[in-house]
Amino acid sequence: MAQRTLLVVLFDGVQSLDITGPVEVFAGAETHTPGSYRIRTASLDGAPVRSSSGLTFVPDESLGDVPAPHTLLVPGGQGTRVPDARLTDWLREHGPRAERLVSVCTGAIRLAQAGLLDGRRVTTHWAYCEKLARDHPEIRVEPDPIYIRDGQVSTSAGVTSGIDLALALVEEDLGRDVALAIARHLVVFLRRPGNQAQFSAQLAAQTAQREPLREVQRWITEHPGADLTVDALAERARLSPRHFARAFHAETGMPPGRYVDRVRLEHARRLLEDTTHGIEEISRTSGYGTPEAMRRAFIKTLGSAPTEYRRRFHPTPTH
């Protein structure tokens with residue numbers, strides 16, 4: 001098995017977790033399967049860099065001295081808000097030589113500035129998706145997924161999603177069993193699907209200002225298996241269906257139907273992950289009615305059927 005070199009680019013203002021999260025994953029893979037990865041860090045001049053949280057990272061070497069790596073990882077952080085012509089030039093010249101280009105969080109901004117994301121589907125931290133799309137119209141920016149893989153280029157959303165992406169890359173390189181062992185050691189999911197939304201329904205939607213609508217939001221979350229049609233929810237809010245739908249959308253940022261869909265999907269996911277309930281029972285208590293309706297919702301949103309989702313994310317007892 002050929003050893004893969006992982007090169008992590010360091011710069012002032014970097015987000016420390018964007019570095020340490022993925023590095024812990026790849027280091028765990030090296031421990032599990034010796035000879036699988038050689039992890040290196042480098043800054044422009046080989047000098048230490050100070051992260052946005054105040055931690056200092058001492059690189060292994062200078063970017064000018066490193067050979068082309070297998071995987072080039074560019075983290076994000078406050079430092080990406082300040083253009084760096086030298087780093088952009090280095091990435092533009094050396095990025096295409098790597099077999100895999102990976103960004104965590106706003107590291108995608110660095111890759112975009114170097115022209116390495118042109119024509120690609122990408123994501124980044126939700127707060128910077130609009131800016132990335134505006135500054136680089138040649139890139140297709142998708143704000144929802146926690147990570148996107150498009151050919152040799154992989155981009156991830158905010159901070160912890162870099163761990164999810166790193167686990168996906170390890171699974172590709174070394175197999176699911178190795179990635180699962182690392183995930184268990186780090187006490188994280190193996191692995192959240194890349195197209196999983198960056199936010200839960202409750203976080204993605206704004207909290208309604210008016211109490212009747214806030215109460216309806218709570219009711220939906222606590223009773224996903226209930227009648228959650230617009231008519232039923234409007235009656236609970238003591239509004240006409242038309243007024244309710246318009247007000248709910250205006251105050252939460254999404255139509256009531258979409259909010260209900262997200263809540264039901266999250267409820268079903270949690271039951272698949274945390275319980276041994278049967279698919280039929282989960283589909284009923286989550287409000288889908290039938291296993292087929294739940295299957296269609298899972299495939300549409302997560303790209304896998306409930307049974308496959310459970311196989312991947314439900315922890316199996318170890319003896």
Side-chain angles (χ1 to χ4, degrees), residues 8-23 43-44 49-55 57 71-92 95 98 100-169 192-207 252-254 262:
V8 182
V9 177
L10 303 184
F11 50 86
D12 283 326
V14 69
Q15 163 68 248
S16 58
L17 192 57
D18 289 2
I19 300 169
T20 58
V23 164
S43 65
L44 275 172
V49 302
R50 189 172 179 82
S51 72
S52 57
S53 62
L55 295 175
F57 287 88
T71 301
L72 177 64
L73 188 149
V74 182
Q78 294 177 5
T80 60
R81 302 177 192 173
V82 181
D84 187 325
R86 289 180 61 207
L87 183 53
T88 297
D89 289 343
W90 187 91
L91 288 170
R92 184 180 295 114
R100 280 195 307 222
L101 281 175
V102 178
S103 70
V104 181
C105 196
T106 54
I109 294 175
R110 296 284 196 205
L111 294 183
Q113 290 168 343
L116 299 174
L117 300 183
D118 291 1
R120 302 280 187 178
R121 294 174 54 246
V122 306
T123 193
T124 187
H125 190 288
W126 63 269
Y128 293 90
C129 284
E130 184 176 345
K131 174 177 171 53
L132 183 62
R134 183 176 62 249
D135 293 347
H136 300 277
E138 66 280 5
I139 299 172
R140 179 181 170 188
V141 182
E142 299 185 11
D144 286 333
I146 58 173
Y147 64 81
I148 291 176
R149 302 184 62 190
D150 187 348
Q152 72 173 123
V153 177
S154 299
T155 55
S156 60
V159 287
T160 58
S161 60
I163 296 175
D164 297 293
L165 176 53
L167 285 167
L169 297 175
R192 290 189 294 174
N195 56 357
Q196 180 173 316
Q198 293 191 31
F199 288 117
S200 66
Q202 292 84 348
L203 289 177
Q206 305 167 37
T207 301
T252 68
M254 66 175 64
R262 289 195 176 193

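Everything numeric here is computed off the predicted structure, so don't read it as measured data.
At least one side-chain heavy atom of R149 sits under 4.5 Å from a side-chain heavy atom of L165. You'll find the side chain of I19 reaches within 4.5 Å of the side chain of L10, heavy atoms only. Between P75 and F11, the closest side-chain pair of non-hydrogen atoms falls below 4.5 Å. Between F57 and T20, some side-chain heavy-atom pair lies under the 4.5 Å cut-off. Between V74 and L101, the closest side-chain pair of non-hydrogen atoms is not below 4.5 Å. When side chains are defined from C-beta on, C129 does not count as touching L132, because their heavy atoms never get closer than 4.5 Å.
In the model, T106 has a side-chain atom that pairs as donor or acceptor with a side-chain atom of T80 under 3.5 Å.
With T155 contributing its side chain and T123 its backbone, the two residues share a donor-acceptor pair below 3.5 Å. Checking side-chain atoms of S51 against main-chain N and O of L55 turns up a donor-acceptor pair under 3.5 Å. Looking only at distances, a side-chain donor or acceptor of H125 sits under 3.5 Å from a matching main-chain atom of A127. The backbone N or O of E138 lies less than 3.5 Å from no partner atom in the side chain of D118, so there is not a single donor-acceptor pair. Q152 contributes a side-chain N or O that, together with a main-chain N or O of A98, makes up a donor-acceptor pair within less than 3.5 Å. The closest donor-acceptor contact from the side chain of R120 to the backbone of D150 lies under 3.5 Å.
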Let me see the working for D89 and R86 under salt bridge (charged side-chain N to carboxylate O under 4.0 Å, His left out), right down to the final yes or no.
CA-CA 5 Å; D89 289 343; R86 289 180 61 207; over 6 Å; no
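Smallest separation of non-hydrogen atoms from G95 and L72: CA-CD2, 4.0 Å. Residues G76 and D18 share a closest heavy-atom pair of N-OD2, 2.9 Å.
To the nearest 0.5 Å, atom CG of residue L87 and atom CG of residue L91 are 4.5 Å apart.
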